[in-house]
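First listed ligand is number 1; within each ligand, the first listed atom is number 1.
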Amino acid sequence: MPDLFDMLAPAAESMAEGAMLLRGAALPYEKDLLAALGDITSQSPFRHMVTPGGFTMSVAMTNCGAAGWVTDRAGYRYDRNDPGTGRPWPAMPKCFLDLAVDAATRAGYPNFRPDGCLINRYEPGARLSLHQDRNERDFANPIVSVSLGLPATFQFGGLKRNDPVKKYALRHGDVAVWGGPSRLFYHGVPELKDGIHETVGRMRINLTFRGAL
Ligand code: SIN
Ligand code: FE2
């Protein structure tokens, strides 16, 4: 049986210097996050973007906040507008911001104030190959990454693409934070296994908070 300490402060695991995995940190926000997500996607729906090389991504994406991450034949970048609607991305909901600041603070980044959140939707079979998050202006900001829905494997490597990767099972409510010496570490998610999550359904949702602009 978990003792009171475990219930108040869910486990934190170190993934690397500057990188923490906060198990269950999003659970207190779950209902608010899912409701806010519905508002966001009714304004800026999920879509499969195209890489500069011409591949359609298996992960569907949208964004909220001042800056949204986009890719098309012209390249990867942040845009204040949703290219699909021509309008600004939906505002970042307060519960998104509160969770991101709370998790970053617990991981040692108390000054983090994200201005963008990339929202990834993985359906069974979707994957994100190893990459660095490097389109942001200031790498002093960490990345805060929230997992909801079906479980996934998170691959977390090093500064070089061929550095060995560690694998972590990310479950509903887990939050990964990486910054400082691990800010530019390669990471990815192999093919999502099929399943049904009791509240989120047949998908995994990932919220990735950035200081983009
Ligand atoms: C990302 O790197 O943008 C997403 C990582 C994840 O889905 O956990
Ligand atoms: Fe990433």
Are any of the N/O atoms in Tyr122 less than 3.5 Å from those in ligand 1?
yes

Side chain or backbone of Gln132 under 4.0 Å from ligand 1, or both, or neither, by non-hydrogen atoms?
neither

Arg210 pairs by side-chain contact (heavy atoms from CB on, under 4.5 Å) with which of Asn141, Asn135, Asp138, Leu118?
Leu118

Please assess Phe185 against Phe156 for the test ring pair (Phe, Tyr, Trp, His ring centres under 6.0 Å), listing each intermediate value before the final yes or no.
CA-CA 7 Å; Phe185 277 18; Phe156 196 62; 5.6 Å; yes

Could you tell me, atom by atom, which parts of ligand 1 come under 4.0 Å of a heavy atom of His187?
2 (O)

Decide, yes or no, whether a salt bridge links Glu136 with Arg183 under the criterion of side-chain N to carboxylate O below 4.0 Å.
yes

I'd like to check which ligand 1 atoms, numbered from 1 as shown, lie under 4.0 Å from a non-hydrogen atom of Asn206.
4 (C), 5 (C), 6 (C), 7 (O), 8 (O)

For the Fe ion (ligand 2), the closest N/O/S atom belonging to His131
NE2

Counting non-hydrogen protein atoms only, what is the nearest one to atom 3 (O) of ligand 1? Give residue, atom name and distance.
Asn120 ND2, 3.3 Å

Would you say Asp133 and ligand 1 have an N/O pair spaced under 3.5 Å apart?
no

Tell me, which protein residue and heavy-atom name are nearest atom 1 (C) of ligand 1, and how many Å apart are they?
Leu128 CD2, 3.5 Å

Numbering the atoms of ligand 1 from 1, which are under 4.0 Å from a heavy atom of Val189?
6 (C), 7 (O), 8 (O)

Just checking, any donor-acceptor pair under 3.5 angstrom between side chains of Ser129 and His131?
no

For Arg210, atoms of ligand 1 separated by under 4.0 Å from a heavy atom
3 (O)

Parallel, tilted or perpendicular: which fits the ring planes of Phe154 and His187, with parallel below 30° and perpendicular above 60°?
tilted

Ser147 and Asp174 side chains, donor-acceptor separation under 3.5 Å:
no

Heavy-atom contact check, 4.0 Å cutoff: does Arg127 meet ligand 1?
no

Just by distance, no angles: are the side chains of Ser44 and Asn63 close enough, under 3.5 Å, to form a donor-acceptor pair?
no

Less than 4.5 Å apart, any side-chain heavy atom of Leu99 and any of Leu33?
yes

Arg47 bridged to Asp82 by N-O distance under 4.0 Å
yes

Name whichever N, O or S atom of Asp133 ends up nearest to the Fe ion (ligand 2).
OD1

For atom 8 (O) of ligand 1, closest protein heavy-atom neighbour
Arg204 NH2, 2.8 Å

